**Q** 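I have a structure here, written as structure tokens, and I will follow up with some questions on it.
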Amino acid sequence: MTSPLKINQPRLIARLDELARVGALDGGGVTRLTFTDADKEGRDLLVRWMRELGLAVQIDRVGNIFGTRIGETDDAPVMFGSHIDTVKSAGTLDGCYGVLAALECVHTLTEQNIQTRRPLVVAAFTNEEGVRFTPGMLGSAVYIGELSVEQAWDLRGFDGTRFGGEIQRVGYDGTMEPGAIEPCAYLELHIEQGPLLDLNRVPIGAVDAVVGITWLEITVNGAANHAGTTPMDMRRDAGLAAAKIVTYLREIATTLGGNQRATCGMIQFLPNAINVIPSKAIFTVDLRNSDNDALQKAEAMLVEFVKKIETEDGVSVEVRALEHVLPVQFHPMAIQAVEESAQKLGLQFQRMVSGAGHDAQLMAHKFPSAMIFVPSREGISHSPKEYTPPEDLARGADVLLNAIVDLAN
Ligand code: HGY
Ligand code: MN
Ligand code: MN
């Protein structure tokens with residue numbers, strides 16, 4: 001039994017720190033929304049690093065980035081990666097850790113002159129976060145054929161821009177057909193973004209499933225009126241109706257229990273003036289559950305409640321679906337490669353479900369996929385407070401490295 005391979009921890013941390021400086025915010029945190037100048041700068045840095053490592057770089061028609069290291073054969077490659085776009089005021093690890101650890105794995109293999117039978121492909125998918133353009137996990141959805149390139153190019157961002165215009169503006173409108181590379185397996189290393197591994201003091205998560213996600217945009221139409229002269233029983237208050245629906249989200253989660261989650265992340269009143277009863281309220285809903293029936297029940301409960309509010313508050317409500325992603329179970333063969341790698345490294349691991357969405361859950365529809373988690377301090381993520389100690393980051397990358405070598409041979 002050969003001794004386990006180990007990555008170069010300082011080099012991985014140095015690349016994470018360098019990428020973290022792209023789109024860095026004064027008060028801490030990072031923002032690199034899809035196809036913004038900051039995202040372009042991050043993409044250019046990744047492509048430069050890939051080229052420096054002698055990888056063949058390919059960009060597909062929705063901007064997914066692939067760096068291929070040749071193998072001894074042309075058999076189906078092992079693909080591993082994540083995303084480098086971020087949410088607003090993000091931490092420095094979500095997505096970026098999985099891509100840069102993948103790069104570090106290749107760097108270590110090249111440095112130690114180790115060849116693999118299969119080619120290796122480092123991947124960075126476009127618009128995983130979905131904060132500018134919805135749906136999220138867009139690059140991997142197009143990759144597996146769930147969304148067409150044309151549909152992606154016609155998407156309008158929350159900022160009114162068109163995906164197709166922005167991808168051309170930053171020069172990442174590649175020519176490769178999405179899905180052209182058909183890997184034998186896809187692995188994604190990611191921070192847990194939840195509290196379990198940190199609480200249990202377990203260094204590695206062998207993720208066997210990911211929750212389903214429903215994103216909705218709800219528009220409440222009421223009537224603008226004077227905040228002082230309009231009697232309380234004569235109002236069609238879109239703000240009040242929205243507040244009732246947002247409060248009901250918590251009731252949905254407590255009623256269904258389990259790992260049901262319900263969140264309102266964005267809300268806007270119009271005309272948004274201190275002394276005007278809002279005529280309109282526009283807000284988003286994020287529902288999640290590892291059980292698709294329960295997720296559909298959550299959505300049905302919400303639609304039922306919205307109907308009640310329409311009558312109660314004399315408003316009309318439109319519900320627009322922004323994203324429906326199914327929950328997935330990962331492939332036993334891919335999960336086994338992760339667990340055997342952790343065992344080889346003498347690392348304790350636990351099976352777990354991901355509450356965060358990931359490109360791996362789209363790739364799992366077509367290719368044997370699995371994920372590796374490392375602890376997030378206090379489970380914090382999608383926040384500048386997101387943190388994982390360097391030793392934990394290195395351990396996760398070691399598990400990825402030995403798993404991909406095992407799958408590639
Ligand atoms: O929303 C998510 O779960 C992921 O961070 N995109
Ligand atoms: Mn992520
Ligand atoms: Mn994220």
Side-chain angles (χ1 to χ4, degrees), residues 16 19-20 23 29-34 39 42 46 64-65 80-102 123-141 143 146-147 158 186-196 205 207 209-217 259-266 284-290 295 322-328 352-364 369-376 379-388 393 396 400:
L16 279 166
L19 180 56
V30 179
T31 300
R32 288 198 306 274
L33 304 188
T34 301
D39 183 37
L46 174 63
N64 292 323
I65 300 171
F80 45 109
S82 190
H83 62 94
I84 59 168
D85 66 305
T86 73
V87 295
K88 289 177 186 169
S89 186
T92 62
L93 297 172
D94 179 352
C96 305
Y97 166 53
V99 175
L100 297 188
F125 288 102
T126 293
N127 196 52
E128 190 279 342
E129 292 293 1
V131 167
R132 187 181 189 193
F133 301 102
T134 55
M137 293 166 271
L138 178 135
S140 44
Y143 199 86
E146 194 155 291
L147 199 67
F158 283 114
Y186 174 77
L187 291 190
E188 183 162 353
L189 172 63
H190 208 287
I191 51 171
E192 178 195 338
Q193 301 181 289
L196 293 184
V207 185
V210 186
V211 295
I213 303 175
T214 294
W215 279 0
L216 305 169
E217 180 186 71
N259 59 18
Q260 179 63 47
R261 305 283 189 271
T263 311
C264 169
M266 297 166 76
T284 59
V285 173
D286 176 320
L287 298 169
R288 308 204 183 190
N289 202 306
S290 54
L295 185 56
L322 296 177
E323 173 179 297
H324 273 111
V325 178
L326 288 170
V328 289
M352 57 197 298
V353 176
S354 173
H358 297 286
D359 291 307
Q361 81 184 95
L362 276 294
M363 296 295 276
S369 303
M371 290 189 75
I372 307 161
F373 274 174
V374 293
S376 293
I380 296 171
S381 182
H382 283 188
S383 154
K385 292 197 176 69
E386 181 179 275
Y387 179 77
T388 298
L393 295 174
L400 178 66

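What you are looking at is a predicted structure, and each value in this text was computed from that prediction instead of being measured. First listed ligand is number 1; within each ligand, the first listed atom is number 1.
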**Q** Please say whether Glu129 places an N or O atom under 3.5 Å from an N or O atom belonging to ligand 1.
**A**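 Such a contact does occur with ligand 1.
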
**Q** What do you reckon, does His382 have a nitrogen or oxygen under 3.5 Å from a nitrogen or oxygen of ligand 1?
**A**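 Looking only at distances, the answer is yes, because the N/O contact criterion of under 3.5 Å is met.
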
**Q** Might you point out which heavy atoms bring Pro327 and Ser290 nearest each other, and give the distance in Å?
**A**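 The answer is CB-O, 3.3 Å.
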
**Q** For the Mn ion (ligand 3), decide whether His83 has an N, O or S atom at a distance under 2.8 Å.
**A**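 False for His83.
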
**Q** Which of the atoms in ligand 1, numbered in the order shown and given with their element, are less than 4.0 Å from a heavy-atom of Ala356?
**A**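 Heavy-atom distances to Ala356 below 4.0 Å select 3 (O).
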
**Q** Using the Mn ion (ligand 3) as the vertex, how large is the angle between OE2 of Glu129 and NE2 of His382, rounded to 10 degrees?
**A**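 Here the angle at the metal atom is close to 110°, to 10°.
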
**Q** Select one of side chain, backbone, both or neither to describe which atoms of Arg261 lie under 4.0 Å from any atom of ligand 1, heavy atoms only.
**A**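 It is neither part, as no heavy atom is under 4.0 Å.
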
**Q** If you measure every N/O of Gly355 against every N/O of ligand 1, is any gap under 3.5 Å?
**A**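 Between Gly355 and ligand 1, no N or O pair is found under 3.5 Å apart.
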
**Q** Nearest protein heavy atom to atom 3 (O) of ligand 1, by residue and atom, and its distance?
**A**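 Minimum-distance protein heavy atom for atom 3 (O) of ligand 1 reads Arg288 NH1, 2.6 Å.
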
**Q** For Leu93 and Leu393, which heavy atoms make the closest approach, and how far apart are they?
**A**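 So the minimum-distance heavy-atom pair works out to CD2-CD1, 4.0 Å.
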
**Q** With no hydrogens and no angle check, is any side-chain donor or acceptor of Asn64 less than 3.5 Å from a backbone partner on Thr126?
**A**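 Yes.
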
**Q** Indicate whether any N or O donor in one side chain lies under 3.5 Å from an N or O acceptor in the other, for Ser82 and Glu188.
**A**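 Result is yes, a qualifying pair exists.
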
**Q** Ignoring hydrogens and angles, state whether a donor on the side chain of Ser381 or Glu386 is under 3.5 Å from an acceptor on the partner side chain.
**A**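 A donor-acceptor contact under 3.5 Å links the two side chains.
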
**Q** How wide is the angle at the Mn ion (ligand 2) between NE2 in His190 and OD1 in Asp94, to the nearest 10°?
**A**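 Angle NE2(His190)-the Mn ion (ligand 2)-OD1(Asp94): 80°, rounded to 10°.
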
**Q** Between Thr34 and Asp39, is there a side-chain donor-acceptor contact under 3.5 Å, judged purely by atom types and distance?
**A**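 Result is no, nothing qualifies.
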
**Q** Any side-chain donor paired with an acceptor under 3.5 Å for His382 and Asp94?
**A**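 Present: a donor and an acceptor within the cut-off.
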
